[in-house]
Amino acid sequence: MKKFFISVVLVFSLLRSYADEGMWLPLLLGEQVYAEMQKKGLKLTKEQLYSINKASLKDAIIIFGNGCTGEIVSSQGLIFTNHHCGYGAIAAASSVENNYLRDGFYAKSNKEEIKTGLTVQFLVRIDDVTKEVNDSLGTLLGKARADKQAAVLAAINKRLSDAGAFIECRVSPLFKGNQFLAFIYQRYKDIRLVSTPPESVGKFGGDTDNWEWPRHTGDFSVFRVYASKDGKPSEYNAENTPLKPKYFLPVSIKGIKDGDFAMTWGYPGSTNRYESSFGIKLSTDVNNPTLVKLRDMRLKYMFAEMQKDAGTKLKLASDYASIANYWKFYDGETKQLLKYDVFGQKQKAEQEFKAWAKDKPEYAAIFPEWEKVYNAWQPYALHRMYMNEGIFGSPLLSFAASLIQLEAALVKTNATKEDVKKAMDAIVTSRKSFLASHDRMSDQNIVGSVLMMYYADVPKEQHPISFFETVKSNFGDLKDETTWKKYAAAVFGNTMILNEDKWNAFVANPDAVKLQEDLAFNIAGAFFKNWNTKFLPRFQEFTIKNNDLGRLYLKGIMEMNPTKAKKMYPDATFTMRVSYGNVKSYVPRDAVKYDFVTTSKGLLEKYKAGDYEFDLPGKQIELLKKRDFGQYADPLRKELVIAFITTNDITGGNSGSPVIDANGNLLGLVFDGNYEALSHKLAFDKDLNRTICVDIRYVLWCIDKLGGAGHLIKELKLVK
Ligand code: ARG
């Protein structure tokens, strides 16, 4: 009897160790999905989760900045999000003298909170506009369809937006354009920095630990949303007061157990779970390795300068972090796609589809056609990566390319003085922000390297030939590194973009020839025009056809399997989603088991004094050694829990998302995905996928014990 019992438990827990695929639209939580959530432990009603008329959980979830999630945690508009989501704002608020990025920041009162350039958006409602869009698209295909769709969506967006009330509508095509939902948001523009831990805590483990479990990162920061006195969104104004939100999340410090129910709410950016096998192959063979190679080079030069002094570090930190983040992501994605033969898996699914589709006129031609489309594009894919990640991976060249519009205004025969002035004014402003974060040395090295790499890697017949000929005749052998070093030094030494006197003279007396003679503009112009005239049209054609075929394929899949179709969720499109699952340990490889939490014990083991990635504040070491965990200690482990993992289905954009328990209380913040499942954008791995979260008790410990900001803890609704 006992034996039987054990094996039942074993089977049960094996089943439960599966990760939980699905990023569900909160508006369309079907009965089936909701019932599943209840079965897993959810105690809230559907109305408590998402209601149109009453305040509900969804009202506490916000778009934070441009690509993250945040949540409201107090009646005073307090926001929790990740440190890496607040990173740019924290770096911008910092100076070498008041280095909040390095030292942390804790406002003692509302008055000390720091103005930022951030905005947040609350979801007001979701309208289904599928019929309206489909009626106007009819059976259109190709460019005609793409253009029409863009026009129809723009018209709906305009109709449902209200600039005066800060209301913005964005229609999102779901299921690859088989469904269209209008998401209506209200944007708040006065967001202030309240508190952040030092970077050593907020980014502990740096890029070495990034995308990996076990993890010990205190990846959180705290902001506040302000509104006008009558509670309306407004631009920054010293007179504004903290927003009284419709809803905020209570915070649980009770702790978690393996298997506990957990759901995440937030804004996953993009997935492509029905990508074709052709797309997988293009990623693993060309796109990913090229991106990784070029970012490798850029990061190396940036890091060399950042290490030299604090000012350069502050200038480059934010860009460096985001380049490094997806450098490691795409490297890991390639490895996992190959390891699990996702290409083979996709091909198998496609075989099945082809067999079903062979006598159906709408679908029979998809795969032969798709193959042709990919074959036509394949020879140019590398070049495209070189443009995006190489040539325009240089901040100077990317800025110089923006002068092409100015050039157009200057050479236009009937251009008025006003036209030129308008173009010039825009450039003068954007140049200021370009210079504020520009580091010359790293960029010069990047330009020298990228041009040499482009010359060697991109097929010769695609080159801007006369550009390379000119460099050759003036600077020497194009395969020789010293040629490119000399050339890059000449560009950076001579360009007016980096020289105040030359720039001011040009602004006072704008002239197309002067601009065209500028070496930086010259490179940007040569590569950009070569790309734009000869290859961009091919890319646009590829994208349009790929989209048409992808939409049809997905429509076919749903038709082929109507029962499955009822349980399908749309790919991520940076629209609000809920994902549910459990807190759960996992087995990353043979004979290794990963616990579901990490603790301060492990944090101290990883700590390396003075290290670039694994240092910690002295005060933190002292407190942890004294075991001063206060009310935040874990009752079972008798340690401070730092992070935990769940089986939830998330991706980039979910950063900062709340992890919520069965009763609607905040348990932690999502901040990463695990390495073993980095193929998750293209293929979800049921065994290995985990979401990495910072435990809310560690967040509160940092605010309270490390930062001495106990007044913020009092603002929360703690569940003990
Ligand atoms: N991987 C995390 C995410 O995409 C970001 C972590 C940022 N940290 C870093 N070391 N670059 O959400």
Side-chain angles (χ1 to χ4, degrees), residues 23 63-71 80-91 101-102 196-221 264-271 291-292 295-296 298-300 302-303 306-307 313 316-333 335-336 572 574 577 579 598 606 611-616 642-646 648-659 668-681 689-694 699:
M23 302 171 168
I63 296 180
F64 183 86
N66 291 321
C68 276
T69 303
E71 51 277 354
F80 281 174
T81 188
N82 287 151
H83 183 264
H84 77 264
C85 294
Y87 202 79
I90 298 164
L101 188 68
R102 187 189 59 204
T196 173
E199 186 183 21
S200 56
V201 174
K203 203 184 168 185
F204 183 81
D207 292 307
T208 303
D209 270 10
N210 192 18
W211 300 110
E212 310 218 19
W213 180 257
R215 195 67 161 277
H216 298 81
T217 311
D219 199 342
F220 79 92
S221 56
T264 56
W265 286 68
Y267 285 85
S270 71
T271 55
L291 176 144
V292 170
R295 288 195 177 200
D296 234 8
R298 286 156 61 198
L299 290 169
K300 185 181 81 191
M302 290 170 84
F303 189 66
M306 282 165 66
Q307 267 189 316
K313 151 103 197 197
L316 294 181
S318 186
D319 275 350
Y320 183 90
S322 52
I323 297 166
N325 192 27
Y326 276 88
W327 156 77
K328 188 163 177 184
F329 176 87
Y330 283 112
D331 191 42
E333 184 186 71
K335 290 190 175 113
Q336 305 308 337
F574 202 58
R577 304 299 175 88
S579 159
T598 57
K606 275 187 184 174
D611 188 77
Y612 199 83
E613 296 183 311
F614 292 93
D615 199 9
L616 283 170
I642 306 292
F644 64 93
I645 43 175
T646 69
N648 297 352
D649 187 359
I650 55 113
T651 190
N654 269 117
S655 283
S657 290
V659 190
L669 317 183
V670 168
F671 72 94
D672 217 354
N674 62 330
Y675 201 80
E676 296 82 5
L678 275 195
S679 46
H680 73 250
K681 282 189 184 289
N689 194 83
R690 289 296 180 276
T691 285
I692 303 177
C693 320
V694 57
V699 171

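Just so it is clear, the values below take in all heavy atoms, side chains as well, and ignore hydrogens, waters and symmetry mates. Index from 1, following the sequence. Keep in mind that what you see is a predicted model, and the values were worked out from it rather than measured. Just so you know, ligand 1 is whichever comes first in the structure, and atom 1 is the first atom listed for that ligand.
- Taking distance alone, with nitrogen or oxygen atoms compared against 3.5 Å, Asp207 approaches ligand 1 more closely than that limit.
- Between Lys203 and ligand 1, not a single N/O pair is under 3.5 Å apart.
- Ring geometry for Tyr326 versus Phe329: interplanar angle of 30 to 60°, hence tilted.
- Checking only distances, Asn210 does come within under 3.5 Å of ligand 1, N or O to N or O.
- The nearest protein atom to atom 2 (C) of ligand 1, hydrogens excluded, is given as Asp672 OD1, 3.3 Å; this is a heavy-atom distance.
- Not a single heavy atom of Ala324 lies less than 4.0 angstrom from ligand 1.
- A 6.0 Å sphere centred on CG of Asn66 holds no more than 12 heavy atoms belonging to other residues, nucleotides or ligands.
- A heavy-atom separation below 4.0 Å is found between Ala321 and ligand 1.
- With a 4.5 Å cut-off on side-chain heavy atoms, Trp265 and Arg577 do not count as touching.
- Side chain of Thr69 to main chain of Gly653: a donor-acceptor pair is present (N/O by atom type, distance under 3.5 Å, no hydrogens or angles).
- Classification of the Tyr267-Phe574 ring pair by plane angle, with boundaries at 30° and 60°, yields tilted.
- Residue contacts with ligand 1, taken as heavy atom pairs separated by less than 4.0 Å, do not involve Phe329 at all.
- Residue Arg215 has no nitrogen or oxygen atom sitting less than 3.5 Å from a nitrogen or oxygen atom of ligand 1, judged on distance alone.
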